S.K.: 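First the structure, then my questions, so here it is.
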Amino acid sequence: MSANAPHTSLDIALLGGYPPPYGGVSVHIERLHGFLWASGLPCRVWDSYRKTNRPDVGIRPLGKPMLLSYLWRIMTGGSKVVHIHTSRNLIRVLAAAACKLSGKKLVITVHGASLANGFGQGSKGLSRSLIRWAMRRASHVFAVNDDIRQLCLDIGVAGDHVTMLPAFIPLPAEQV
C-alpha cells in the first residue's frame, strides 16, 4: 500500500505530538506512522500539538480541551488498538481506564523520565498506585532505553509485555 493510499478502516490510533515542532517524540511518531501506513497497517495519528491536519494520510489534530479530546478519541475513535506517546502520567491512567471500558488494547511508549518521576521523591502513594495500575493494564509497553524497561518491570509490568525499542526510528532508505 502506498503512502498516499486511503484507508477505509483505521485499526490503530497513535496519540501524541506530530511535527512541527520537530523533537524526539514527534519525529518518532511521524516515522512510526509512516512505517505503519506504508506497511498497509491502518492507523491514524491524533496530533496533540493540534498543528497537522492531513486526513488523506490519517493525521488529525486533537480537539480542545486536550484531556477530554484524548478520552473522546480513545472511546469513540473506532480503532482497536490505542498507542499513546505522552509524558503525562495522568493521561496514561485515563487512557488505561478508557481502553478498559471500551474493550480496546492499549500500547504505551515511554520516552523519557516522566514515568520515573511519577515514582520519584515527593510522589504520593495514590499517584504511584494509579500509574502502576495503568502500566500493568497496557497490552504492551515500549521502553526507549533499558532504565525505563527495568522500571516497568519493577512496577509490575509483565516481562513479556515490555520491549526495549530505541526511540530513533531511521528513515526509509529512499529518504536517506
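The model shown is predicted, which means the values in this text are computed figures rather than measured ones.
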S.K.: Hey, does Met75 have a side-chain heavy atom less than 4.5 Å from the side chain of Cys99?
M.R.: no
S.K.: Show, in sequence, the C-alpha distance, side-chain angles and deciding distance for Ile131 and Arg92, and conclude whether the side-chain contact (heavy atoms from CB on, under 4.5 Å) test is met.
M.R.: CA-CA 7 Å; Ile131 296 166; Arg92 291 179 182 130; 5.8 Å; no
S.K.: Check for a donor-acceptor pair, side chain of Ser129 on one end and backbone N or O of Gly125 on the other, with a separation under 3.5 Å.
M.R.: yes
S.K.: For the pair Ser127 (side chain) and Ser123 (backbone), establish whether a donor and an acceptor sit closer than 3.5 Å, ignoring hydrogens and angles.
M.R.: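 Side chain of Ser127 to backbone of Ser123: no pair is present.
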S.K.: Could you tell me if the side chain of Ser39 sits less than 4.5 Å from the side chain of Trp37, heavy atoms only?
M.R.: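 In short, these two side chains do not touch, never coming nearer than 4.5 Å.
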S.K.: So, the side chain of His83 versus the backbone of Ala13: is there a donor-acceptor pair under 3.5 Å, distance only?
M.R.: no
S.K.: Just by modelled atom types, is the Tyr18 backbone N or O under 3.5 Å from a matching donor or acceptor in the Asp47 side chain?
M.R.: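 Such a contact is found between Asp47 side chain and Tyr18 backbone.
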S.K.: Can you tell me how far CG of Leu165 sits from NE2 of His111, rounded to the nearest 0.5 angstrom?
M.R.: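 Between His111 NE2 and Leu165 CG, I get 9.0 Å after rounding to 0.5 Å.
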S.K.: State yes or no: do Leu14 and Leu94 share one hydrophobic cluster built from I, L, V, M, F, W and Y residues joined by side-chain heavy-atom distances below 4.5 Å, directly or via other members?
M.R.: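 As far as the 4.5 Å side-chain criterion goes, Leu94 and Leu14 are not connected within one cluster.
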S.K.: Taking Pro21's backbone N and O only, do any of them form a donor-acceptor pair with Ser26's side chain (distance below 3.5 Å, no angle check)?
M.R.: yes
S.K.: If I take atom CG from residue Asp11 and atom SG from residue Cys43, how far apart are they, to the nearest 0.5 angstrom?
M.R.: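 Answer for the CG-SG pair, Asp11 versus Cys43, is 9.5 Å.
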S.K.: With clusters defined by side-chain heavy atoms of hydrophobic residues (ILVMFWY) lying less than 4.5 Å apart, directly or transitively, does Trp46 cluster with Val82?
M.R.: yes
S.K.: Angle between ring planes, His140 versus Phe142, binned at 30° and 60°: parallel, tilted or perpendicular?
M.R.: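 Rings of His140 and Phe142: tilted, as their planes differ by 30° to 60°.
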S.K.: Can you get from Val157 to Val144 by hopping between Ile, Leu, Val, Met, Phe, Trp and Tyr side chains that sit under 4.5 Å apart?
M.R.: yes
S.K.: Testing the 3.5 Å rule here: is there a donor-acceptor pair between the side chains of Thr109 and His28?
M.R.: no
S.K.: Any sub-3.5 Å donor-acceptor pair from Ser48's side-chain atoms to Gly17's backbone N or O?
M.R.: yes
S.K.: If Ile, Leu, Val, Met, Phe, Trp and Tyr residues are connected whenever their side-chain heavy atoms lie under 4.5 Å apart, and connections chain through other members, are Leu153 and Ile155 in the same group?
M.R.: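 Result: yes, single cluster for both.
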S.K.: What distance separates Arg88 CZ from Leu67 CG, expressed to the nearest 0.5 Å?
M.R.: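 One finds 6.0 Å between CZ of Arg88 and CG of Leu67.
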S.K.: Among Val162, Leu115, Asn89, Leu106, which one satisfies side-chain contact (heavy atoms from CB on, under 4.5 Å) with Met135?
M.R.: Leu115
S.K.: For Ile148 and Gly112, work out which heavy atoms get closest and say how close.
M.R.: CD1-O, 3.4 Å
S.K.: Is a donor from one side chain sitting under 3.5 angstrom from an acceptor on the other, for Arg60 and Thr52?
M.R.: no
S.K.: Is it the case that the side chain of Lys104 and the backbone of Ile74 share a donor-acceptor pair, with hydrogens and angles ignored and the cut-off at 3.5 Å?
M.R.: yes
S.K.: Quick one: closest heavy-atom pair of Ala138 and His161, and the distance?
M.R.: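 Heavy atoms only, the tightest pair is O-ND1, 3.7 Å.
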S.K.: Give, for atom CG of Leu62 and atom OH of Tyr70, the distance between the pair rounded to the nearest 0.5 Å.
M.R.: 6.0 Å
S.K.: Once you round to the nearest 0.5 Å, how far does CD1 of Ile12 lie from CG of Leu32?
M.R.: 8.0 Å
S.K.: List the atom of Arg50, the atom of Gly63, and the distance in Å for their closest heavy-atom pair.
M.R.: NH1-O, 3.6 Å
S.K.: Between His33 and Phe35, does the ring centre distance come in under 6.0 Å?
M.R.: no
S.K.: Taking Val107 as the starting point, is it possible to reach Val110 by hopping between hydrophobic residues whose side chains are less than 4.5 Å apart?
M.R.: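 They do not share one cluster, since no chain of ILVMFWY contacts under 4.5 Å joins Val110 to Val107.
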S.K.: Distance only, no hydrogens: is a donor on one side chain within 3.5 Å (strictly under) of an acceptor on the other, for Asp154 and Gln150?
M.R.: yes
S.K.: Rounded to the nearest 0.5 Å, what's the gap from CZ on Arg132 to CZ on Phe119? Could you check?
M.R.: 4.5 Å
S.K.: Which atom pair, heavy atoms only, marks the closest approach of Ala96 to Arg137?
M.R.: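 Nearest pair, atom of Ala96 first, then Arg137: CB-CB, 4.3 Å.
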